[in-house]
Amino acid sequence: MFKVGIIGPESTGKSSLGQYLAKRYGATYVPEYARDYVASLHRPYTYDDVCHIARKQIEQIKEVGSGKWEASDIIFFDTELIVTRVWFDYVYGTAPDWLLSAMPQYKMDTYLLTYPDIPWIPDPTRENGSDEMRLQLFHRYEQEIQALDVPYYIIRHTDELEFSE
């Protein structure tokens, strides 16, 4: 399977894009785990919670080809380890060594990096709504992809881009 990671700042259309592409190409879509997990906590998340999320993301990547996900040639991951690594850095100032060493092993075959050019929509699990922060996160994600030496495509939203059929 060809693994595509869809990453980008909050509220840039990652989930909509992933769902649309999976439907359009008859591919598999792996939804964002962190959003549902954090929403279910009913308390502020902790460093250990983010560790749990990273381990779950690794587990999801390991499951590719195991029969867990629908059989298709392409699998779209709505966020993955790059987002979690950057989350660790911004919130806690550090990321665990085991995550840093796992990133090259569990990288995607390509990335779709969403640009923050649509309005931010607040919800209880989102934290980084300022234009400045969203742009800063975009550049940080791009640096992480480049460090992994994986091809990527920047997705900018235009009036012509629609996710309906």
Quiz item: If you measure from OH on Y115 to CD1 on I154, what distance do you get to the nearest 0.5 Å?
Solution: 8.5 Å
Quiz prompt | Charged N-O contact under 4.0 Å between K14 and D78 | solution = no
Quiz item: Looking at CE of M133 and CZ of F138, how far apart are the two atoms once the value is rounded to the nearest 0.5 Å?
Solution: 15.5 Å
Quiz item: Less than 4.5 Å apart, any side-chain heavy atom of I75 and any of V30?
Solution: yes
Quiz item: Hey, what's the ring geometry for H52 with Y33, parallel, tilted or perpendicular (30° and 60° as the breaks)?
Solution: tilted
Self-check item: Derivation and outcome, side-chain contact (heavy atoms from CB on, under 4.5 Å), residues S15 and R35
Solution: CA-CA 11 Å; S15 299; R35 172 179 291 283; 5.5 Å; no
Practice problem: Could you tell me which non-hydrogen atom of T12 sits nearest to which non-hydrogen atom of H157, and how far apart they are? | Solution: O-CE1, 2.9 Å
Quiz item: What pairs of residues pass the side chain to side chain donor-acceptor pair (under 3.5 Å) test when at least one of them lies in residues 80-101, not counting sequence neighbours?
Solution: Y45-W87, Q57-T84, E80-Y111, R85-D89, R85-E144, D89-R140, Y90-Q136
Self-check item: Non-hydrogen atoms of Y141 and P9 that approach each other most closely
Solution: CE1-N, 3.6 Å
Quiz item: Could you give the distance from OG (S16) to CG (L21), rounded to the nearest 0.5 Å?
Solution: 10.5 Å
Quiz prompt | Single-linkage hydrophobic cluster I118~V83, side-chain heavy atoms < 4.5 angstrom | solution = no
Quiz item: Can you tell me how far CD1 of I58 sits from CE of M103, rounded to the nearest 0.5 angstrom?
Solution: 9.5 Å
Quiz item: Side chains of L112 and Y152: does their closest heavy-atom pair fall under 4.5 Å?
Solution: no
Quiz item: How close do L99 and A54 get, heavy atom to heavy atom, and via which atoms?
Solution: CD1-CB, 4.1 Å
Self-check item: Nearest heavy-atom neighbours spanning L113 and G8
Solution: CD1-CA, 4.0 Å
Practice problem: Would you give the length of the straight line joining atom CE of M1 to atom CD of E63, rounded to the nearest 0.5 angstrom? | Solution: 10.5 Å
Quiz prompt | Inter-residue atom distance D109.CG - I74.CD1, 0.5 Å rounding | solution = 10.5 Å
Exercise. Check the pair V50, V91 against side-chain contact (heavy atoms from CB on, under 4.5 Å), reporting the backbone distance first and the verdict last.
Key: CA-CA 10 Å; V50 183; V91 176; over 6 Å; no
Quiz item: In this structure, are over 12 heavy atoms from other groups packed under 6.0 Å from Q146 atom CD?
Solution: yes
Quiz item: Under 4.5 Å between any side-chain heavy atoms of M108 and V4, yes or no?
Solution: no
Self-check item: Beyond-backbone contact of P96 with C51, side-chain heavy atoms, under 4.5 angstrom
Solution: yes
Quiz prompt | Heavy-atom check, side chain of L137 versus side chain of E10, under 4.5 Å | solution = no
Quiz prompt | Min side-chain heavy-atom separation I82-I145 under 4.5 Å | solution = yes
Quiz item: So does E59 pair up with K62, basic N to acidic O under 4.0 Å?
Solution: no
Quiz item: Which heavy atom in T79 sits nearest to a heavy atom in I7, and how many Å separate them?
Solution: CA-CG2, 4.2 Å
Quiz item: Side-chain contact, heavy-atom cut-off 4.5 Å: P104 with L148?
Solution: yes
Exercise. Quick one: list whatever passes salt bridge (Lys or Arg N to Asp or Glu O under 4.0 Å) with K107, sequence neighbours left out.
Key: none
Exercise. List the atom of D49, the atom of P44, and the distance in Å for their closest heavy-atom pair.
Key: OD2-O, 4.3 Å
Quiz item: Is there a side-chain contact between Y29 and K23, using heavy atoms and a 4.5 Å cut-off?
Solution: no
